[in-house]
K.L.:
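Just passing along the structure, written as structure tokens.
We count ligands from 1, going down the list as the structure has it; atoms in each ligand are counted the same way.
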Amino acid sequence: SKRNGRGQFTLFTQEMQDDNRRMVRIATNIAYAVESDELSLHYQPKVNCHGVVQGFEALIRWSSKELGFVPPNEFIPIAEQSDKISMITRWVMTQVCRDLPALLAAYGDAIRVSLNLSAHDLKNPKVTEFIVEKMQSLPIAPSTVEFEITESAYLESFHAGNVFFETLRGFGCKIALDDFGTGYSSLSYLTEFNIDTLKIDRQFTSQIGASKRSGLITNTIIEMARHLKLTVCAEGVETHEQAQFLIHHKCDLLQGYLYGRPEPLSTVVANAAKGDCQ
Ligand code: C2E
Ligand code: CA
Ligand code: CA
Ligand code: CA
């Protein structure tokens, strides 16, 4: 009825207003978060088929005095829209470089540490220069560092003739395509891309066992990666059944709650000492 319709309309605008207010609060608090130690990095292990840790993905966390815990899926898009993402990326980059020695000391020099870049970072020469300088002055082999980037962002940068990734690869840094399979890019590009790793999106991993077709897609991605001599990493591995399937099909790396949640550096380092992850 009309009465109902009107009631809903009022509710809807109220919700929109609340959403908008929260977005503005998040946007205005991001700069403060960067400056005042409200951000932290958590590290999630990536393991091989024997369950041995091969590396970690750095994932940002924000515990705000004003807003409480704000998940990255909420604040990263807002940071991108409000041009604050570059501050965050610089902070992440700096923090990863600071944490690297402790991670290598605990898990050995052969591990790899990944961090996420936003599509916006690639369009900002100040950010790309910052990253290049950081990698140039790294007191550790740059091949320890991997950058995770979505397909579409990589493709856009590729078409724009951006040499950022080539520069990084020149140092020995690795490049991973994140959330692989969810983008719109044509598979034929993969042969032209200079990348090292494909990360199979959680949406495919989670379907293993549930549907035959999703298992097929995952299997196909793994085989294609092998033909292209790329490392393949499956995200969001939660069950033994998923792990068995992936290992059976020779997926190189597994990442997910089954092997470990993202945890603070101190916890990750303590786990190595206990031999928990290995
Ligand atoms: P992503 O890069 O695809 O990261 C994987 C997400 O899956 C992480 O969520 C991780 O905690 C979660 N995850 C890992 N294993 C499992 C599992 O077994 N099950 C389930 N359900 N989830 C799992 P998180 O940490 O909340 O990050 C969400 C997204 O926020 C990331 O997705 C990434 O796009 C973005 N993000 C996180 N940290 C950063 C950062 O430092 N910089 C940028 N630009 N983006 C970041
Ligand atoms: Ca990622
Ligand atoms: Ca991902
Ligand atoms: Ca994702």
K.L.:
I'd like to know whether Leu39 forms a side chain to side chain contact (heavy atoms under 4.5 Å, CB included) with Val34, so could you lay out the CA-CA distance, the side-chain angles of the two residues, the decisive distance to 0.1 Å, and finally the verdict.
P.N.:
CA-CA 6 Å; Leu39 300 177; Val34 175; 3.8 Å; yes
K.L.:
Under 4.5 Å between side-chain heavy atoms, hopping through other hydrophobics if needed: is there a path connecting Phe180 to Leu253?
P.N.:
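Different clusters: Phe180 never reaches Leu253 through Ile, Leu, Val, Met, Phe, Trp or Tyr contacts under 4.5 Å.
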K.L.:
May I ask you to check whether Asn29 and Ser64 show a side-chain donor-acceptor distance below 3.5 Å?
P.N.:
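No, no side-chain donor-acceptor contact under 3.5 Å.
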K.L.:
Can you say whether the rings of Phe158 and Phe193 are parallel (under 30°), tilted (30 to 60°) or perpendicular (over 60°)?
P.N.:
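Correct class here is perpendicular.
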K.L.:
Would you say Asn116 has an N, O or S atom lying under 3.0 Å from the Ca ion (ligand 2)?
P.N.:
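Checking Asn116: at least one N, O or S atom is under 3.0 Å.
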K.L.:
With side chain to side chain contact (heavy atoms under 4.5 Å, CB included) as the test, would you mind laying out the steps for Val268 and His42 before giving the verdict?
P.N.:
CA-CA 9 Å; Val268 167; His42 280 197; over 6 Å; no
K.L.:
Mind checking whether Glu238 has an N or O less than 3.5 Å away from an N or O of ligand 1?
P.N.:
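Checking ligand 1 against Glu238, an N or O pair does fall under 3.5 Å apart.
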K.L.:
Heavy-atom contacts with Gln44 under 4.0 Å: which atoms of ligand 1 show up? List them by number with element.
P.N.:
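By the 4.0 Å cutoff, the relevant atoms are 14 (C), 15 (N).
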K.L.:
So if you build clusters from Ile, Leu, Val, Met, Phe, Trp, Tyr with side-chain heavy-atom gaps below 4.5 Å, do Ile26 and Leu59 land together?
P.N.:
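Result: no, two separate clusters.
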K.L.:
Taking only heavy atoms of Glu235, which atoms of ligand 1 are found under 4.0 Å from at least one of them?
P.N.:
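Answer, ordered by atom number: 3 (O).
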K.L.:
Does any N or O atom in Ile60 lie less than 3.5 angstrom from one in ligand 1, N or O only?
P.N.:
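Right, the criterion is met.
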K.L.:
Using a 4.5 Å cut-off on heavy atoms from C-beta on, say whether the side chain of Thr267 contacts that of Tyr43.
P.N.:
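Sidechains of Thr267 and Tyr43: no contact.
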K.L.:
Side chain, backbone, both or neither: which part of Arg261 has a heavy atom under 4.0 Å from ligand 1?
P.N.:
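Neither part.
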K.L.:
Heavy atom under 4.0 Å from ligand 1: found in His42's side chain, backbone, both, or neither?
P.N.:
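None of His42 does.
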K.L.:
For Arg61, state whether at least one heavy atom is located under 4.0 Å from any atom of ligand 1.
P.N.:
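For ligand 1, residue contact (heavy atoms, under 4.0 Å) with Arg61 is present.
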K.L.:
Ring centres of Tyr154 and Tyr189 under 6.0 Å apart?
P.N.:
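No.
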K.L.:
Between OD1 of Asp179 and OE1 of Glu235, what angle is found at the Ca ion (ligand 3), rounded to 10 degrees?
P.N.:
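The angle at the Ca ion (ligand 3) comes to 90°, rounded to the nearest 10°.
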K.L.:
Are there over 12 heavy-atom neighbours, none belonging to Asp37, within less than 6.0 Å of that residue's CG?
P.N.:
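Check fails, neighbour count at 12 or below.
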K.L.:
Taking only Lys NZ, Arg NE, NH1 and NH2, and the carboxylate oxygens of Asp or Glu, determine whether Asp18 and Arg21 approach each other closer than 4.0 Å.
P.N.:
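Here Asp18 pairs with Arg21 in a salt bridge, since their nearest N and O are under 4.0 Å apart.
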K.L.:
Would you call Leu258 and His240 a side-chain contact if the rule is heavy atoms closer than 4.5 Å?
P.N.:
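Leu258 reaches His240 side chain to side chain.
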K.L.:
Is Arg202 salt-bridged to Glu238, cutoff N-O under 4.0 Å?
P.N.:
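Not counted as a salt bridge, because no side-chain N and carboxylate O are separated by less than 4.0 Å.
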K.L.:
Checking only N/O/S atoms, does Asp178 have one that is under 3.0 Å from the Ca ion (ligand 3)?
P.N.:
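Yes, since at least one N, O or S atom of Asp178 sits under 3.0 Å from the Ca ion (ligand 3).
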K.L.:
Which atoms of ligand 1 are found less than 4.0 Å from any heavy atom of Gly256?
P.N.:
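So the answer, numbered in order with elements, is 15 (N), 18 (O).
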K.L.:
Is there a heavy atom of Pro71 sitting under 4.0 angstrom from any atom of ligand 1?
P.N.:
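The answer is no, since Pro71 has no heavy atom less than 4.0 Å from ligand 1.
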K.L.:
Taking the Ca ion (ligand 2) as the vertex, what is the angle from OE2 of Glu57 to OE1 of Glu148, given to 10 degrees?
P.N.:
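Value returned, to the nearest 10°, is 80°.
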K.L.:
Could you tell me whether Gln255 approaches ligand 1 through its side chain, its backbone, both or neither, with non-hydrogen atoms closer than 4.0 Å?
P.N.:
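Neither; no heavy atom under 4.0 Å.
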K.L.:
Relative to the heavy atoms of Asp179, which atoms of ligand 1 are at a distance of less than 4.0 Å?
P.N.:
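Going through ligand 1 atom by atom, the ones under 4.0 Å from Asp179 are 3 (O).
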K.L.:
Relative to ligand 1, is Thr89 under 4.0 angstrom through side chain, backbone, both or neither, heavy atoms considered?
P.N.:
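Answer for Thr89: neither.
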K.L.:
So, does Glu57 sit close enough to ligand 1 that a heavy atom of it is under 4.0 Å from the ligand?
P.N.:
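So Glu57 counts as touching ligand 1.
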K.L.:
To which of Pro72, Ser206, Ser118, Pro262 does the heavy atom nearest atom 35 (C) of ligand 1 belong?
P.N.:
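Residue with the shortest heavy-atom distance to the ligand atom: Pro72.
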K.L.:
When you compare the side chains of Thr231 and Lys174, does any donor N or O come within less than 3.5 Å of an acceptor on the partner?
P.N.:
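No pair is found: no donor N or O on one side chain lies under 3.5 Å from an acceptor on the other.
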K.L.:
Where does Asn116 meet ligand 1, judged by heavy-atom distances below 4.0 Å: at the side chain, the backbone, both, or neither?
P.N.:
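Both parts.
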K.L.:
Check Leu115 against ligand 1 and report side chain, backbone, both or neither, counting heavy atoms closer than 4.0 Å.
P.N.:
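No part of Leu115 is near ligand 1 at this cut-off.
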K.L.:
Using a strict cut-off of 4.0 Å, indicate which atoms of ligand 1 neighbour a heavy atom of Gly236.
P.N.:
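Matching atoms, with element in brackets: 16 (C), 17 (C), 18 (O).
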